Structure formats: structure tokens, C-alpha cells
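Below you'll find the structure, written out as C-alpha cells, and then a few comments.
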Amino acid sequence: MQKSDEIAVFISSGEAACDECKEKLGRKAWITLDRQRKAYCLACADMDHLLFLPSGDTALTRRARKHSTLSAVVLKWSHTRKRYERQGLLVEEEGLRKAEEECLADKDIRERRRQREEERRTDLDREYIRRFAQRIREIFPKCPAGRETQIAEHACLKYSGRVGRSSAAKTLDVDAVRLAVTAHVRHRETLYDSLLASGEDRYEARHHVRDAIEEILESWS
């Protein structure tokens with residue numbers, strides 16, 4: 001079972017739905033629960049930017065957690081043992097990269113990294129990402145060079161449920177593009193992840209960083 005201060009993500013054993021976006025997630029969905037036991041998909045819980053690191057390599061897991069401001073333990077109910085069991089961690093991409101660099105002497109880690117990058121390239125629709133990035137640059141012409149591509153690649157990852165895969169985003173709708181940029185700024189340019197990691201409610205955390213986000217978006221416009 002997880003430690004009391006760990007954020008938990010559960011793999012549902014039955015049909016699940018998000019109480020915020022109302023999306024039907026089906027079985028084996030990855031969800032979080034708030035204090036009122038309401039369920040949220042990872043996108044609504046602001047954790048869809050994290051990467052899954054399966055259990056099995058203690059050193060890599062320990063280092064990835066150390067280098068990630070925000071992380072979450074992934075739990076699945078065992079019907080045979082009648083308890084939740086750890087499946088791995090959700091960690092930040094940069095935290096995982098640093099952890100892998102510290103473990104590069106391990107051949108298996110290098111192979112896992114190669115496979116992950118290969119899967120990522122396969123899952124990215126390059127032309128759609130190019131157009132999405134171009135649209136970001138049109139709406140936010142002063143955003144840092146290259147940042148539009150980073151945002152587009154993250155938002156448009158296939159099968160992720162992220163904003164870039166929505167029907168509105170596929171038409172390059174202004175509001176959908178703005179949502180993707182806002183999410184990026186929230187995680188990369190503010191203390192939002194640190195607030196979540198410290199146990200603050202995500203609504204309170206969003207309120208705390210709202211003005212900072214608006215100021216950055218205004219400077220990029």
C-alpha cells in the first residue's frame with residue numbers, strides 16, 4: 001500500500017467515468033480520487049503529463065521519484081490477495097530522463113529508453129503536430145522559440161486523452177489550443193506541481209497560480 005503522503009492513481013476494476021469531464025473511461029481506466037471519493041481522469045487531475053514507470057527496477061524508480069517534483073504511485077486491486085498492489089510510478093519526463101542518465105551503465109535501462117523513444121515517435125502524428133504548433137505560434141507569437149513544438153507534441157500524443165486529441169483541437173480551435181498552452185505553462189512555468197506534491201487541493205493550487213499563468217500568456221500573446 002502507498003505511504004500516507006503519496007498521491008495515488010488507481011487502475012479501475014470496473015466501469016469508470018470522470019466526475020469532472022463526464023467522459024466514460026471504461027474498465028482498467030487510470031483515475032484519481034478526491035476526499036469525497038469523486039473520480040477524475042488523469043487529464044482532469046492535471047497528471048496526464050506524467051510518464052508511467054513500471055515496478056521492477058528499484059534504483060531507477062528511486063532516482064526517478066527523487067528527480068520528479070510531482071509523482072504518483074499506481075495501484076491495482078488484486079482479487080486474489082484482496083488488496084491494492086503497486087504497479088509502478090507516474091513520474092515527470094525530466095525526472096525519468098535524469099534517472100536514466102544515472103543508470104546508463106545498465107544495458108537494460110538503455111534498451112528501455114530506446115524503446116520508449118521509438119514508441120513515442122510512432123505515436124506522434126507529425127503533420128498534425130506541425131499544424132498544431134503553427135497554430136500556437138499564430139496565437140502566441142512571443143512564446144519562446146521551439147516551445148510551440150514541445151506543447152504540440154505533448155498535447156497531441158495519440159491515445160492519451162489529452163486536449164490535442166479532442167475534436168475541437170483537431171480543427172485548431174482557439175480555445176482548445178489555448179487550453180494546451182495553459183496546461184504547459186501551469187506545469188512548466190509555475191509552482192503548481194510543487195503545490196500538488198505538497199498535498200494542496202488542485203482547485204486551490206490552480207487558484208494560487210492563476211494570475212502567474214495569465215501574466216505569462218499575456219506576455220506570449
Side-chain angles (χ1 to χ4, degrees), residues 30 41-53 63-65 67-72 89-102 104 112-197 202 205-206 209-221:
W30 292 39
C41 65
L42 294 188
C44 288
D46 292 324
M47 290 195 289
D48 62 327
H49 66 299
L50 301 178
L51 300 180
F52 178 57
L53 175 60
R63 288 168 173 163
R65 180 192 281 119
H67 291 304
S68 295
T69 301
L70 180 66
S71 63
L89 284 179
L90 287 174
V91 295
E92 294 173 345
E93 184 171 11
E94 180 65 11
L96 180 55
R97 185 189 65 79
K98 289 180 178 179
E100 287 173 334
E101 287 180 351
E102 293 178 359
L104 278 180
R112 183 182 298 141
R113 187 177 193 179
R114 185 194 64 78
Q115 291 177 355
R116 181 165 61 85
E117 290 303 319
E118 184 176 330
E119 290 169 0
R120 179 178 176 84
R121 287 192 297 270
T122 300
D123 283 347
L124 292 175
D125 183 334
R126 303 310 309 181
E127 176 58 23
Y128 175 43
I129 288 171
R130 186 194 67 77
R131 291 189 292 109
F132 199 94
Q134 184 178 46
R135 185 63 168 147
I136 292 173
R137 178 58 63 183
E138 291 172 358
I139 299 171
F140 298 96
K142 296 180 182 178
C143 80
R147 196 71 70 88
E148 71 275 19
T149 300
Q150 294 178 26
I151 297 171
E153 287 186 348
H154 175 78
C156 300
L157 191 65
K158 288 183 180 179
Y159 318 119
S160 65
R162 293 171 182 166
V163 65
R165 306 309 302 184
S166 68
S167 57
K170 290 177 181 178
T171 64
L172 304 180
D173 175 78
V174 172
D175 290 338
V177 173
R178 184 180 175 86
L179 280 175
V181 176
T182 299
H184 172 85
V185 170
R186 182 182 296 121
H187 292 296
R188 286 283 299 274
E189 304 290 338
T190 75
L191 295 174
Y192 182 74
D193 285 359
S194 295
L195 294 172
L196 288 185
R202 69 190 180 92
R206 282 194 173 199
V209 302
R210 182 177 58 193
D211 290 344
I213 291 173
E214 288 303 320
E215 183 177 336
I216 291 171
L217 292 181
E218 180 66 24
S219 71
W220 286 9
S221 298

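Keep in mind that what you see is a predicted model, and the values were worked out from it rather than measured. Scope of the values below: all heavy atoms of this structure, side chains included, with no hydrogens, waters or symmetry mates.
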(Q) If we check side-chain contact (heavy atoms from CB on, under 4.5 Å) with Asp193, which of these qualifies: Arg186, Met47, His49? (A) His49
Q: Using the test side-chain hydrogen bond (donor to acceptor under 3.5 Å, both in side chains), find all partners of Glu214 that sit at least two apart in sequence or belong to another chain.
A: Arg178
Q: List in chain and number order the residues that pass side-chain hydrogen bond (donor to acceptor under 3.5 Å, both in side chains) with Arg188, two or more places apart in sequence or in another chain; answer none if no residue qualifies.
A: Gln150
Q: Determine, for Arg97 against Glu100, whether the closest basic-nitrogen to carboxylate-oxygen distance falls under 4.0 angstrom.
A: no
Q) Taking it one step at a time, do Leu42 and Leu90 satisfy side chain to side chain contact (heavy atoms under 4.5 Å, CB included)? A) CA-CA 11 Å; Leu42 294 188; Leu90 287 174; 4.1 Å; yes
Q | For Thr149, all residues meeting side-chain contact (heavy atoms from CB on, under 4.5 Å), sequence neighbours excluded | A | Ala133, Glu153
Q) Can you list every salt bridge (charged side-chain N to carboxylate O under 4.0 Å, His left out) pair that touches residues 141-150, not counting sequence neighbours? A) Arg137-Glu148, Arg147-Glu189
Q) More than 12 heavy atoms of other residues, nucleotides or ligands under 6.0 Å from CD of Glu215: is that the case? A) no
(Q) Can you confirm whether more than 12 heavy atoms, excluding those of Leu217, are under 6.0 Å from its CG atom? (A) yes
Q | Exam field: side chain Ser68 to backbone Glu92, donor-acceptor pair closer than 3.5 Å | A | yes
(Q) When you measure from the side chain of Arg63 to the backbone of Glu102, do you find a donor-acceptor pair of N or O atoms at a distance under 3.5 Å? (A) yes
Q) What pairs with His67 under ring pair (Phe, Tyr, Trp, His ring centres under 6.0 Å), at least two apart in sequence or on another chain? A) none
Q) Who are the ring pair (Phe, Tyr, Trp, His ring centres under 6.0 Å) partners of Trp30, not counting sequence neighbours? A) Phe52
(Q) Testing the basics here: between Leu50 and Leu70, what is the closest heavy-atom pair and its distance to 0.1 Å? (A) CD2-O, 3.8 Å
Q.
Show the nearest heavy-atom pair for residues Ala180 and Ile151, with the distance to one decimal.
A. O-CG2, 3.8 Å
Q. Hey, what's the ring geometry for Tyr192 with His187, parallel, tilted or perpendicular (30° and 60° as the breaks)?
A. perpendicular
